[in-house]
*Asks:* 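Before anything else, here's the structure in question.
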Amino acid sequence: MTTKPDSTQSQETSSDREEVNGGTTNEGNGNNTIKESSGKGERHLATLPRNQIVPRARTIYLREPDNSNFWLILCAIAVLFLGLYFNNFWVGLAGAIVTFLISLRTISPSLRAWLINTLTPQARTKFIGFVGLFVAIAALLNYIGFYRGIKGWLDSIKWDEFGSWADWVGAIGQIMIAVLAVYVAWRQYVISKDLTIQQNRITQQQTIDAYFQGISELALNDEGLLEDWPQERAIAEGRTAAIFASVDGEGKAKILRFLSQSRLVTPLRRDNHLGRPILDGSGNYAEDRAFGVRVIDLGVMLAGVDLSGQDLRWTDLSEANLVRANLSRCDLVKANLSRTVLYEANLAGTDIKSTRFYYGDVKNASPRSRTTPPDYETGAYTGAVVEKVDFTRVQRMNDEQRYYCCCWCGEKSRATIPGGCDGIPNKLGR
């Protein structure tokens with residue numbers, strides 16, 4: 001009797017033969033050959049007999065079981081509280097154990113997932129290493145008798161005197177509170193000081209801006225041309241002297257840069273009738289070092305000032321009195337110090353690249369004189385007074401500057417000039 005194959009079984013068998021791990025089947029020579037298809041080609045995995053049925057590959061999905069057991073945990077907690085309420089040891093112990101086990105079973109998958117996601121295998125190994133190190137140290141302390149020594153020391157303490165120890169602890173606590181209060185007060189003082197300094201800087205900048213505006217309105221006419229009469233020059237000098245006394249070194253440097261770039265401290269050529277400044281034909285006011293008149297004459301405004309570390313590049317400080325001024329670590333690149341009185345000034349660490357100390361030839365240049373007018377062609381009496389100036393670690397001093405300073409700074413200052421003064425005469429004579 002012949003049995004007909006079931007159509008469903010035949011279809012499943014055919015599909016199972018066709019789909020094995022995403023492969024294909026080829027029939028030939030009585031065998032089934034399973035191939036794996038890929039983007040780079042095909043490779044043979046296995047050769048099976050024709051009549052053998054290969055089962056379909058099934059995907060297994062892993063799912064975390066539901067371990068919430070909400071009501072079971074609530075019942076266990078209720079049993080625990082009943083044991084505590086009725087003071088029943090066994091009921092309370094059973095409720096505690098059941099609550100612990102169910103809660104642990106509930107949170108263990110999340111805890112394990114958190115550890116796997118948070119700690120890498122290397123980090124978990126290190127963590128276990130630290131735990132083992134701690135346990136080992138604790139065990140070693142036990143075996144060497146450390147805990148027994150601590151126990152003996154605790155047994156030897158006279159606990160009836162603990163009250164006096166409590167008083168000492170209370171006194172120490174009060175001292176610590178006092179120290180904390182002092183620290184808080186000190187921090188408040190520091191914060192208040194910083195705020196005060198910041199406010200002073202803002203106020204100073206506002207004062208300087210008002211000075212700039214006032215000088216501009218005083219020295220210029222409605223058309224923007226320089227119009228400085230004797231009274232206006234006197235008022236401008238008075239305002240400048242007043243503001244120099246009320247600002248710090250940084251503020252003084254800002255004012256000097258403004259006056260220099262505005263050519264308000266440069267001697268300008270004037271006509272012989274009205275004293276008005278004359279243009280040089282190139283869109284600027286003509287400069288006259290020998291007979292010119294400055295809008296603001298600095299005079300002794302800067303005597304003894306502290307300008308250390310300030311930016312004074314391209315400033316015109318010619319004929320200013322800088323006696324005992326602190327110009328250390330300043331930037332005096334291309335500043336004009338001709339006929340400037342630098343007696344006992346401090347130029348330690350100052351950058352004097354291309355700084356002008358004189359006019360004319362360095363061989364004929366000499367410091368200013370109270371009685372003899374300067375000769376800007378030969379350089380006689382056009383130089384700065386550099387006697388007793390500190391030139392320690394001065395930067396970028398060229399050979400001409402070194403020659404002039406060695407000639408006119410005196411024996412004490414010659415020892416501070418970088419490179420020395422060998423072969424350079426001491427024309428000052430002292």
*Asks:* What's the shortest heavy-atom distance between Asn142 and Arg148, and which atoms?
*Replies:*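 Asn142 and Arg148 have their closest heavy atoms at O-NH1, 3.9 Å.
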*Asks:* What do the steps show when you test Ile424 against Arg402 for side chain to side chain contact (heavy atoms under 4.5 Å, CB included), and what is the final call?
*Replies:* CA-CA 9 Å; Ile424 302 176; Arg402 187 162 62 88; 4.1 Å; yes
*Asks:* Cut-off 3.5 Å, side chains only: do Thr266 and Asp316 have a donor facing an acceptor?
*Replies:*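 The answer is yes; a qualifying pair exists.
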*Asks:* For residues Asp351 and Arg313, determine if any side-chain heavy atom of one lies less than 4.5 Å from a side-chain heavy atom of the other.
*Replies:*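 No, side chains not in contact.
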*Asks:* Taking the side chain as every heavy atom from C-beta outward, state whether Ile208 and Phe258 have any pair of such atoms under 4.5 Å apart.
*Replies:*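 No; the side chains remain at least 4.5 Å from each other.
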*Asks:* Determine yes or no for a side-chain-to-main-chain donor-acceptor pair under 3.5 angstrom, with Thr315 supplying the side chain and Arg257 the backbone.
*Replies:*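 The answer is no, because no donor-acceptor pair under 3.5 Å joins these two groups.
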*Asks:* Checking Tyr359 against Asn336: is there a side-chain donor and acceptor pair closer than 3.5 Å?
*Replies:*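 Indeed, the side chains of Asn336 and Tyr359 share at least one donor-acceptor pair under 3.5 Å.
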*Asks:* Less than 3.5 Å apart, any donor N or O on the side chain of Asn200 or Gln204 sitting next to an acceptor on the other?
*Replies:*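 Short answer, no.
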*Asks:* Checking side-chain polar atoms at under 3.5 Å, does Ser282 have a donor or acceptor matched by the opposite partner on Asn284?
*Replies:*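 No, Asn284 and Ser282 have no side-chain donor paired with an acceptor closer than 3.5 Å.
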*Asks:* Please evaluate residues Arg233 and Val293 with respect to the criterion side chain to side chain contact (heavy atoms under 4.5 Å, CB included), reporting the C-alpha separation (whole Å), side-chain torsions for both, the decisive distance (0.1 Å), and the verdict.
*Replies:* CA-CA 10 Å; Arg233 291 198 294 269; Val293 178; 4.0 Å; yes
*Asks:* For Ile255 and Tyr211: C-alpha separation, side-chain torsions, deciding distance, then whether side chain to side chain contact (heavy atoms under 4.5 Å, CB included) applies.
*Replies:* CA-CA 9 Å; Ile255 295 172; Tyr211 165 79; 3.8 Å; yes
*Asks:* Do Val98 and Val79 touch side chain to side chain, with heavy atoms closer than 4.5 Å?
*Replies:*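 Of all side-chain heavy-atom pairs linking Val79 with Val98, none is under 4.5 Å.
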*Asks:* If every non-hydrogen atom of Ile417 is compared with every non-hydrogen atom of Cys409, which pair is closest and at what distance?
*Replies:*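 Looking at all heavy atoms of both residues, the shortest contact is CD1-SG, 3.9 Å.
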*Asks:* Does the side chain of Leu141 reach to within under 4.5 Å of the side chain of Ile144, using non-hydrogen atoms?
*Replies:*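 The answer is yes; the side chains approach within 4.5 Å.
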*Asks:* Quick check on Lys427: does its NZ atom have over 12 non-hydrogen neighbours (other residues, nucleotides or ligands) under 6.0 Å away?
*Replies:*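 Buried by this count: over 12 neighbours within 6.0 Å.
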*Asks:* Please, which pairs that meet salt bridge (charged side-chain N to carboxylate O under 4.0 Å, His left out) have at least one residue in residues 366-387, sequence neighbours excluded?
*Replies:*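 Non-adjacent pairs meeting salt bridge (charged side-chain N to carboxylate O under 4.0 Å, His left out): Glu387-Arg430.
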*Asks:* Checking Ser192 side chain against Gln188 main chain: does a donor-acceptor pair fall under 3.5 Å?
*Replies:*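 Absent.
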*Asks:* Flag the pair Arg276 and Asp271 as a salt bridge only when some basic side-chain nitrogen lies within less than 4.0 angstrom of an acidic carboxylate oxygen.
*Replies:*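 A salt bridge is absent here (no side-chain N lies under 4.0 Å from a carboxylate O).
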*Asks:* Would you check if there is a donor-acceptor pair between the side chains of Arg289 and Ser318 at a distance under 3.5 Å?
*Replies:*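 Distance-only check passes for Ser318 and Arg289.
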*Asks:* For a quick test of reading the model, state the closest non-hydrogen atom pair linking Cys330 to Thr350 and the distance between them.
*Replies:*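 Scanning both residues, the minimum pair turns out to be O-CG2, 3.2 Å.
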*Asks:* Do Asp228 and Arg270 touch side chain to side chain, with heavy atoms closer than 4.5 Å?
*Replies:*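 Touching, per the 4.5 Å side-chain cut-off.
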*Asks:* Quick one, Val386 and Ser413 - any side-chain contact, counting heavy atoms below 4.5 Å?
*Replies:*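 No, too far: nothing below the 4.5 Å cut-off.
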